[in-house]
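So the structure is just underneath, and the comments pick up after that.
These numbers come from the heavy atoms of this one structure, side chains and all, not from hydrogens, waters or symmetry mates. These numbers come from a predicted model, not from an experiment.
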Amino acid sequence: MKKILVSTALTLSLILTLAACGDQAQTGDDSLPSDSQTLTAVDPAEVPESMVSFLNWFYPWYYDEENTRGGEYHSDSAADGTSNIVSQIAGEAPCVDLSLYPGEQPEYITTGLPDPRGWWTQAGAYTTYDVSQVDWIAQNIFHVSDEDLAQLKTQGEADGWFYIQNGCYYTTMGGLGDPFLELEITQAATDGQRYYLAYEVYFTGTSDGTRELQNTRYAVLSEETIDGIAYCTMYSNGASALEELTQTQQPAGQGQSQEENPQTQEPSDDWSAAYQAFIFQKGWLGTAQGEDLGSDSEAVVFLLHDMDNDGVPELLARNEVVAFGEMSNYVYTWDDGEVVFLGEIGFLGGALWPSDTDDYPGLFHYAGRGDSYMGHYYDLKNGQIHETLVSNDIMVPSGDSFDFESTIETSDADLYMTYSRTKNSDVLPMYTADEISAMGWEAFTA
């Protein structure tokens, strides 16, 4: 997947210039696209630069009520208590570049004298924000309704974020340091008015210069002209994958030939973003039997393998610290726009390895206990897990030691020969979420 890289290295003196959002004027309608509207995939490199810049600033400095950086914001429920966008515009570090919007710029009071109500006497400094500017941004850039704006003001003052006096929001003063973050837009689609984006956030402040994947986020942005000036506006941002990104069509001129010859269609790469969210946001907990894997991300390991050779890999997960007898592998696949649970393969934490021929795209497994050890082959047929017992090894005494007597259990001679030829070679490693983050998502999916 083609990606676009942007840097969020910000300091107090750094002002990002937000490029114009385009020539087409868009409305601020809060309604989502209708079912009849066509969503078209967009190359991430072609996402308007204004949106890249907007996210570049927004993610590092926006916090929701759970104190999650780049957390939840939804314009249609702005005052539901999960966030307070007003406090994030008129806050220690505004989540937008205020210089882009009409109104008086903030004033930083550093005289050492207390603010009028004495809320921040210990800090010895505070900031005032123009109420008209902050409210304009909330309503026009973040699509907050009049009713929600009134509630957000009441909530913000009650929660101690700010108070309003003399036409200003008063709040404590903070500073902008370098967050050492980089954003990559990995998926994009548009309905002609809004852009539906998936983006990854990487921490770059590591001692060895490597990048660490921090989060995957999804945002809905638009290009709108207000009073003759083009702005980038936001409808939502959060951790939940956008269904719209799974319902896209190829741009005009590309999809027709594929429709006429389905055999030549390339598999959708939507699975990549879905699996990424599944791993890093513990998506397995919301699936059938997924809670059996547990919620400890340090205990759950993953691997990708295309078990039916259709171009879209399956995702396997296993809990490495449960009782030995419970160490089976949970198999998930990307189906009709979502990650679904297919079932379990293997047992007792046995090794998994691939064949060396496309004739058998599934996985071999070998494990046992006591005096019996079995070799199995698992693949997918018509979307269902298919299990074949290939060999059964029985331990028998032989002098002072033991030998194995092997019985061929399958009638497929080629399968047995492939199993025997590849046994104990190329065992597939499984990785925790932290290990995947360290190696990079592209390396994991390669």
Side-chain (Gln281) to main-chain (Ala239) donor-acceptor, under 3.5 angstrom: yes

Residues in side-chain contact (heavy atoms from CB on, under 4.5 Å) contact with Glu212, at least two apart in sequence or another chain: Phe203, Thr206, Gln214, Ser437

Is the CG atom of Asn382 crowded by more than 12 outside heavy atoms at less than 6.0 Å? no

Scan side-chain atoms only and decide if Glu182 and Thr204 contain a donor-acceptor pair under the 3.5 Å cut-off. no

Look at the rings of Tyr199 and Tyr59 and say which category their plane angle falls in: under 30° parallel, 30 to 60° tilted, over 60° perpendicular. perpendicular

Which residue pairs pass the ring pair (Phe, Tyr, Trp, His ring centres under 6.0 Å) test with at least one member in residues 287-317, sequence neighbours excluded? Trp284-Phe302

Between Phe58 and Phe142, how do the two ring planes meet: parallel, tilted or perpendicular, split at 30° and 60°? tilted

Does Tyr231 have its ring centroid less than 6.0 Å away from the ring centroid of Tyr101? yes

Gap separating the OH atom of Tyr63 from the CD atom of Glu92, nearest 0.5 angstrom: 10.0 Å

Are the ring centres of Tyr170 and Phe162 closer than 6.0 Å? no

What I want to check is whether the side chains of Thr68 and Glu66 have a donor and an acceptor closer together than 3.5 Å. no

With no hydrogens and no angle check, do the side chains of Thr422 and Trp353 hold a donor and an acceptor under 3.5 Å apart? yes

Any donor-acceptor pair under 3.5 Å from Thr154 side chain to Ala150 backbone: yes

Side-chain donor-acceptor pair under 3.5 Å between Glu65 and Thr82, yes or no? no

May I ask you to check whether Phe347 and His365 place their ring centres under 6.0 Å from each other? yes

Stepwise side-chain contact (heavy atoms from CB on, under 4.5 Å) check, Val86 with Val144: CA-CA 10 Å; Val86 174; Val144 176; over 6 Å; no

For the pair Lys282 and Glu291, evaluate salt bridge (charged side-chain N to carboxylate O under 4.0 Å, His left out) and give the outcome as yes or no after the intermediate values. CA-CA 10 Å; Lys282 302 181 182 180; Glu291 291 188 1; over 6 Å; no

Tested for side-chain contact (heavy atoms from CB on, under 4.5 Å) against Trp334, the lone hit among Leu315, Val339, Val340 is Val339

Side chains of Gln276 and Glu200 only: does a donor on one sit below 3.5 Å from an acceptor on the other? yes

Can you confirm whether or not the ring centre of Tyr163 sits under 6.0 Å from the ring centre of Trp120? yes

Between His74 and Glu72, do the side chains contain an N or O donor and an N or O acceptor separated by less than 3.5 Å? yes

Quiz item: cation-pi between Arg211 and Tyr202, 6.0 Å / 45°: yes

Verify salt bridge (charged side-chain N to carboxylate O under 4.0 Å, His left out) between Arg318 and Glu344, making sure each step is shown before the conclusion. CA-CA 10 Å; Arg318 182 174 72 221; Glu344 302 177 40; over 6 Å; no

Residue pair Trp441 / Ser272, side-chain donor-acceptor N/O under 3.5 Å: yes

Here the pair of heavy atoms bringing Leu149 nearest to Ala138 is CD1-CB, 4.1 Å

Side-chain donor-acceptor contact under 3.5 Å, Asp135 with Tyr169: yes

